[in-house]
Amino acid sequence: MLSACGGGGGGSAPGNGGGSSGGSSSNTGNNSNPAGDWLTFNPAQVDITVYEGESLPVNIVGTATKTFAKTINIAIVDNVGVITPNTGVSAITPMQYRVTLNSNPGLKPGVYSSQILVRLCEDDPRVCNVPFQGSPWTLPYKITVKAKADATQRVSISPASIDLSGNEGDNLPMKISVKPGQDLPASFNVGIVDKDKLTYSSSNMGFQYKPNQEYNADFVVRPNLLPGTYSGQFEVRICVDDPNYCSQPLAGSPWIVPYKFTLKSKAAGITLNINSLPSVLDFTYYEGETRQFSISAESVTDIGKPVNLGIYDSARNSTVKSSNKVSNTKTIATLETSPALKAGVYNSTLEVRTCVDDPIDCKWPFNGSPRQIPLKITVRSNTNLTPLKSLPQVSSWSTFQGNAAHSGYVPASFYPSNFLRRWNWTPASAGFLSDISIENGVVFLNKTSATYPSGVYELTALNESNGQVLWKTPMGKLSKANAPAAGSGKVFVTSTGHSDTFFWVFDQATGALLNKIAMNSQWETYLAPTVYGNEVFTESGYYGGMSKYSIGEQKISWGIGLPQYDTWTPAVDANFAYTYLSGSLHAVSKADGKVAYTIKNPDFSWAGYGGSTPVLSERNMAFVSGNGLQAFDLSKQTRAWSVTGNISAAPAYAKDVVFVLNANGTVLEARSAQTGSLVWMASALSSDNVSRNFRNMVVTDNLVFISSGNNTLAIDIKTRQVVWEHPFGGSLAISDRGVLYIKGDSRIEAINLQ
């Protein structure tokens, strides 16, 4: 077993210790005692060159030719202090050991020559009263220390500096070559490091161990850098240890290669398409409301970076709600007008910035940025309670589609320049609203709790003049209460759902319950009853049917069974009540409740258990939405004609023209009531050309009002153009006082038409 302890003696040098490497290749140690020939050293003499401030390792291999049973203690003594105490001993073979010595980094420039004394002892080698045979051995050394300033010549580096220009995303390749020069140790490690990390190496960095071989490293600019000018430094490190850490650098290390590169923005030459939706930002609405619109920026060229949109309203009349980067070439921002604007007209300019970086700074704008887009907002007063006057030629809106013929026609002309919202009403507690009926300046509707359809119902009357509640009558908790009808000073309501099935009669003036008659139904939904003079007709029956209520007698006069379909109400004329069920038009005698005749649709195909409400004309025709549009001649009791298509909701009729919403409610068609031929068609049903499904319709002498779930339009019959738009949708009704009502699920808006 070989053990060691470092030692040393005095002397005039600045330190003491052990360690060495490099030098002669001789295998003969310097020992005057022949008895020491069993131990030799390689090299036999140390001769190295170092620079002030660095410590180089020197390896010496000792080879023995015999063994000893006793423990050998080793001392390596440097009497002049050119070797540090950091000495390492390691076994190569049982007969061969490596000793690593390190030069003292505190040596000043000069030449140091002396001998290292190697003691092998049985006792403490610092005393060595019991030396092994041949001990001590001497190992001569020469260490030449050069000035640190001369270390710059140890390597040559090319280039001395780097200055490049390009576009963002360019590789911008850089090569650095390091060629070893003079006075380098036998082995060393080379590394080239970008301390500012603006580049990365595209080659295998590795380490260079051969002092006579040139070392090259390739670098490229990181592709994610934004446009701008960047400066940094490459460090060429030559180290005893790993260059990534380089805790033992050679004198002169690191050598610095400064670099600079300038990246231009690709966006500077790219022009974007800037669009707003709608194309003209000119909005009219009411106090407390807002309008949303969008602005998009799109490029036909992909520069690898998304378009950042910054939109700034000079008057703060609108704000950006969200920004969606659809792709690298397209970004869409959604904006909303301010809900705090009072009645008045507001003009401002939107500055649209399109940038590679943050639009607040926008150091790298796209070509043409910023763009200016005008914004105009007209805010109307939320309440416009102008005096109401009756239109003598217009009847009350008593039931579904206004009247017993369900024509959806109001014989009057209205002009969009007069249209203003009169009032809007939302119930104080959450709930759902039924369709409405209107008579004598009062709006009637059912309201239920948020658990619709089953919930607590309340029949409500609103003053048409100002939207105030006149009265509310609780109907209790019911499976379902359907939309009311109005006539003869009374309000008529049906409720459905097995034991909850009743026919209700209320007083219009007070809301008092006048009559409540039990009926039969399952879980059907009924439309509002149909009032004709002193008679009221409704869907009824446990397995389907129709009933008549006599207002004068205050009783149900008769009931008849019919095919079991729901969501319809009878159309009534002087002699018959009509319904369309299971592919046939049924004409029921008003006098006795018997089916007088039926007219079959030969093209009928079943599409569910929803019935259809016929629309009657003054020429004894009935029109039905079912498997397209069906027209029945009531005089001849035949189907007169039909039109295929996907018809939304019931048709409307006025002046020998049938109006339908075809193509799933995206096209308004006007057709001849006699032949079904197309008279005209309007397909661009909104100014922004956004496709919507319209399901409600009212026809006047000059306009057709249609609505979807969130939008209401007026289309001029002569020009077929949209002449008015209102951003609220639902079922429609027009009163005899010239007010348009739009009923949503939980809100009613009243629009002055005159």
Chemist: Applying side-chain contact (heavy atoms from CB on, under 4.5 Å), can you list everything that pairs with Asn662, at least two apart in sequence or on another chain?
Modeler: Ile647, Glu669

Chemist: Just verifying a value: how many Å separate Ser642 OG and Leu629 CG, rounded to the nearest 0.5 Å?
Modeler: 8.0 Å

Chemist: So if I apply the side chain to side chain contact (heavy atoms under 4.5 Å, CB included) rule between Arg422 and each of Leu385, Ile751, Asn384, which one comes out positive?
Modeler: Leu385

Chemist: Just checking, any donor-acceptor pair under 3.5 angstrom between side chains of Thr496 and Ser521?
Modeler: no

Chemist: Is it true that atom CZ of Arg639 has more than 12 heavy atoms of other residues, nucleotides or ligands lying nearer than 6.0 Å?
Modeler: yes

Chemist: Is any side-chain heavy atom of Met621 closer than 4.5 Å to one of Trp641?
Modeler: yes

Chemist: Given 3.5 Å as the limit, does a donor-acceptor pair link the side chain of Ser625 with the main chain of Ala649, or not?
Modeler: yes

Chemist: Is there a side-chain contact between Val588 and Trp558 (heavy atoms, below 4.5 Å)?
Modeler: yes

Chemist: ring-ring contact (aromatic ring centres under 6.0 Å, His included) between Phe506 and Phe444: does it pass, once the steps are laid out?
Modeler: CA-CA 11 Å; Phe506 300 88; Phe444 304 100; 9.9 Å; no

Chemist: Atom CZ of Phe492 and atom CD of Gln508: how far apart are they, to the nearest 0.5 Å?
Modeler: 8.0 Å

Chemist: Between Lys477 and Asp500, does any NZ, NE, NH1 or NH2 come within less than 4.0 Å of an OD or OE carboxylate oxygen?
Modeler: no

Chemist: Would you compute the distance between atom CZ of Phe694 and atom CG of Leu732 and round it to the nearest 0.5 angstrom?
Modeler: 10.5 Å

Chemist: Looking at the rings of Tyr578 and Phe632, which for Trp means the six-membered one, are their centres under 6.0 Å apart?
Modeler: no

Chemist: According to the interplanar angle, ranging from 0 to 90°, do the rings of Tyr286 and His726 count as parallel (below 30°), tilted (30 to 60°) or perpendicular (above 60°)?
Modeler: perpendicular

Chemist: Going by atom types alone, do Tyr741 and Glu464 pair a side-chain donor with an acceptor below 3.5 Å?
Modeler: yes

Chemist: Applying side-chain hydrogen bond (donor to acceptor under 3.5 Å, both in side chains), run through Ser434 and Asn446 and close with a yes or a no.
Modeler: CA-CA 5 Å; Ser434 72; Asn446 260 318; 4.9 Å; no

Chemist: Check for a donor-acceptor pair, side chain of Asp507 on one end and backbone N or O of Ala509 on the other, with a separation under 3.5 Å.
Modeler: yes

Chemist: Take a 6.0 Å sphere around OH of Tyr597 and say whether it holds more than 12 heavy atoms from other residues, nucleotides or ligands.
Modeler: yes

Chemist: If only side-chain N and O atoms count, and only distance matters, is there a donor-acceptor pair under 3.5 Å linking Asn515 with Tyr549?
Modeler: yes

Chemist: Among Phe414, Phe419, Tyr415, whose ring pair (Phe, Tyr, Trp, His ring centres under 6.0 Å) with Trp724 holds?
Modeler: Phe419

Chemist: Please examine the side chains of Thr712 and Glu749, heavy atoms only from C-beta on, and report whether any two atoms are closer than 4.5 Å.
Modeler: no

Chemist: Can you see whether His406 engages Thr530 through a side-chain donor-acceptor pair at a distance of less than 3.5 angstrom?
Modeler: yes

Chemist: Apply side-chain contact (heavy atoms from CB on, under 4.5 Å) to residues Gln754 and Asn418 and explain how you reach the verdict.
Modeler: CA-CA 6 Å; Gln754 60 172 342; Asn418 296 326; 5.5 Å; no

Chemist: Distance-only, no hydrogens or angles: does the Ser707 side chain make a donor-acceptor pair with backbone N or O of Gly730 under 3.5 Å?
Modeler: yes

Chemist: Can you tell me how far CG of Leu478 sits from CH2 of Trp504, rounded to the nearest 0.5 angstrom?
Modeler: 5.5 Å

Chemist: Would you please classify the geometry between the Tyr565 ring and the Tyr609 ring as parallel, tilted or perpendicular, with 30° and 60° separating the classes?
Modeler: tilted

Chemist: Can you list every pair that meets salt bridge (charged side-chain N to carboxylate O under 4.0 Å, His left out) and has a residue in residues 573-598, with sequence neighbours left out?
Modeler: Glu535-Lys590

Chemist: Indicate whether any N or O donor in one side chain lies under 3.5 Å from an N or O acceptor in the other, for Thr337 and Tyr346.
Modeler: no

Chemist: Testing the 3.5 Å rule here: is there a donor-acceptor pair between the side chains of Gln401 and Thr613?
Modeler: no

Chemist: Can you pull out every salt bridge (charged side-chain N to carboxylate O under 4.0 Å, His left out) where at least one residue sits in residues 610-623? Sequence neighbours excluded, please.
Modeler: Arg619-Asp656

Chemist: Measure up the Tyr542 and His498 rings against each other and bin them: parallel (under 30°), tilted (30 to 60°), perpendicular (over 60°).
Modeler: perpendicular

Chemist: With respect to Thr494, which candidate in Met519, Glu539, Lys480 satisfies the side chain to side chain contact (heavy atoms under 4.5 Å, CB included) definition?
Modeler: Met519

Chemist: How about Asn317 and Ser338: do any of their side-chain heavy atoms sit closer than 4.5 Å?
Modeler: no

Chemist: Are Trp680 and Ile717 close enough that some pair of their side-chain heavy atoms sits under 4.5 Å apart?
Modeler: yes

Chemist: Just so I know, are the side chains of Leu388 and Asn752 near enough to count as touching, which here means a heavy-atom distance under 4.5 Å?
Modeler: yes

Chemist: To the nearest 0.5 angstrom, please state how far the OG atom of Ser648 sits from the CG atom of Asn664.
Modeler: 4.5 Å

Chemist: Tell me if the NZ atom of Lys472 is crowded by more than 12 foreign heavy atoms within 6.0 Å.
Modeler: no

Chemist: Under 4.5 Å between any side-chain heavy atoms of Asn424 and Asn382, yes or no?
Modeler: yes

Chemist: Is it true that Ser479 and Trp523 share a donor-acceptor pair across their side chains at a distance under 3.5 Å?
Modeler: no

Chemist: Rounded to the nearest 0.5 Å, how far apart are CG of Leu445 and NZ of Lys743?
Modeler: 8.5 Å

Chemist: Within the 4.5 Å heavy-atom criterion, are Lys342 and Glu287 side-chain neighbours or not?
Modeler: yes

